[in-house]
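What you see is a predicted model; the values in this text were computed from it and never measured. This chain uses plain numbering: 1 for the first residue, then up along the sequence.
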Amino acid sequence: GNVRCQVGFSVSKNVRRAVDRNRMKRLLRESYRRNKEILTTTSEGVRLPRAIVLLFSRHVKKASELPSFTEVQNDVRDLLQKLVRETSRT
């Protein structure tokens, strides 16, 4: 069905440089965009939340310590799948 869900993205100041925080937010947004169909293709009995916040909070001093896009995308996919599984149990 057509799911209306607000999604927010936040990166902790543990990621020191603003450019790295902005990059992480871009990675999170793109990962969600590519995987949001996980939420929209759920079965009828599932009650999904109206709002989700994806937060990245890992201590990062330099850009080379940031996760790759593939890692972020896999984590976002796993989180969305877990969210659907958990909400279908209730």
Practice item. First locate atom OG of Ser12, then atom CZ of Phe56, and finally report the distance between them rounded to the nearest 0.5 Å. Key: 9.0 Å

Exercise for review: Write down the atom of Pro49, the atom of Thr87, and the distance for their closest heavy-atom approach.
Suggested key: CD-CG2, 4.3 Å

Review point. Are Leu83 and Ile38 close enough, and set up right, to give a side chain to side chain contact (heavy atoms under 4.5 Å, CB included), and what steps lead you there?
Key: CA-CA 10 Å; Leu83 178 65; Ile38 292 169; over 6 Å; no

Exercise for review: Write down the atom of Arg34, the atom of Phe69, and the distance for their closest heavy-atom approach.
Suggested key: NH1-CE2, 3.6 Å

Exercise for review: Could you pull out the closest heavy-atom pair between Asp20 and Ala63, with the gap in Å?
Suggested key: OD1-CB, 3.5 Å

Point to revise | Donor-acceptor pair, side chain of Arg17 and main chain of Lys61, under 3.5 angstrom | key: no

Practice item. Just do the side chain to side chain contact (heavy atoms under 4.5 Å, CB included) check on Arg21 and Met24 with the steps written out, would you? Key: CA-CA 5 Å; Arg21 288 193 301 274; Met24 271 311 303; 5.8 Å; no

Check your understanding: Any idea which heavy atoms bring Leu27 and Pro67 closest together, and the distance?
Key -> CD1-O, 4.0 Å

Review point. Partners of Arg58 by side chain to side chain donor-acceptor pair (under 3.5 Å), sequence neighbours excluded?
Key: none

Point to revise | Val60 versus Glu65, closest heavy-atom pair with distance | key: CA-OE1, 3.4 Å

Revision key, fill the gap. CZ of Arg16 to NZ of Lys62, rounded to nearest 0.5 Å, is 12.0 Å

Point to revise | Straight-line distance of Arg29 CZ to Phe9 CZ, nearest 0.5 Å | key: 7.0 Å

Practice item. Quick one: do Glu30 and Arg26 satisfy side chain to side chain contact (heavy atoms under 4.5 Å, CB included)? Show the steps, please. Key: CA-CA 6 Å; Glu30 180 63 11; Arg26 281 196 308 275; over 6 Å; no

All N/O donor-acceptor pairs, side-chain side in residues 70-81, below 3.5 Å, sequence neighbours left out:
| from | atom 1 | to | atom 2 | distance (Å) |
| --- | --- | --- | --- | --- |
| Glu71 | OE1 | Ser68 | N | 2.7 |
| Glu71 | OE1 | Ser68 | OG | 3.3 |
| Asn74 | OD1 | Arg77 | NH1 | 2.9 |
| Asn74 | ND2 | Thr70 | O | 3.3 |
| Arg77 | NE | Asn35 | OD1 | 3.3 |

